[in-house]
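Since the structure comes first, as structure tokens, the remarks are kept for the end.
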Amino acid sequence: MMNAMTVVLMAQMPRAWHDTGLFMGMHWGWWSFWILLLAVLGWGLWRVLADRTATRREEQRKEEAEEELRRRFARGELDEEEYARKLRTLRETSLGA
């Protein structure tokens, strides 16, 4: 059986740090930190991959335009001077700009 002195002594004993509620704030802080970090890293990875995809798409459109120009030259729709001029223009400029 506990007497009054034991209760007083137990009340004055230091408690573990997590019993006082200090752990709860830091716990949510760390979860927020890691979630935010993963979100930023995911966004950065997405941006890098999206930029590469756009560059590949741009190159593919240029190749298709050059191929169409070659077909028109082969069919006789363009003379050699006009073909060379348009091909040079295609290679110097980017599509969509």
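- Residues Leu45 and Val40 do not share a hydrophobic cluster, defined by chaining ILVMFWY side chains whose heavy atoms lie under 4.5 Å apart.
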Expected list for residues 68-78: side-chain donor-acceptor pairs under 3.5 angstrom, two or more places apart:
| unit_1 | atom_1 | unit_2 | atom_2 | d |
| --- | --- | --- | --- | --- |
| Glu68 | OE1 | Arg71 | NH1 | 2.8 |
| Arg70 | NH1 | Glu67 | OE1 | 3.3 |
| Arg70 | NH2 | Glu66 | OE1 | 3.4 |
| Arg72 | NE | Glu77 | OE1 | 3.1 |
| Arg75 | NE | Glu77 | OE2 | 2.9 |
| Arg75 | NH2 | Glu77 | OE2 | 3.3 |

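- Ionic pairing of Arg61 and Glu64 is not present here: no N-O contact between side-chain nitrogen and carboxylate oxygen is shorter than 4.0 angstrom.
- Linking Ile, Leu, Val, Met, Phe, Trp and Tyr residues whenever their side-chain heavy atoms come within less than 4.5 Å leaves Leu38 and Trp46 in two separate clusters.
- Note: Thr55 OG1 to Gln60 CD = 12.5 Å, rounded to the nearest 0.5 Å.
- Criterion: ILVMFWY side-chain heavy atoms under 4.5 Å apart, direct or through other members. Under it, Leu37 and Trp30 are part of a common hydrophobic cluster.
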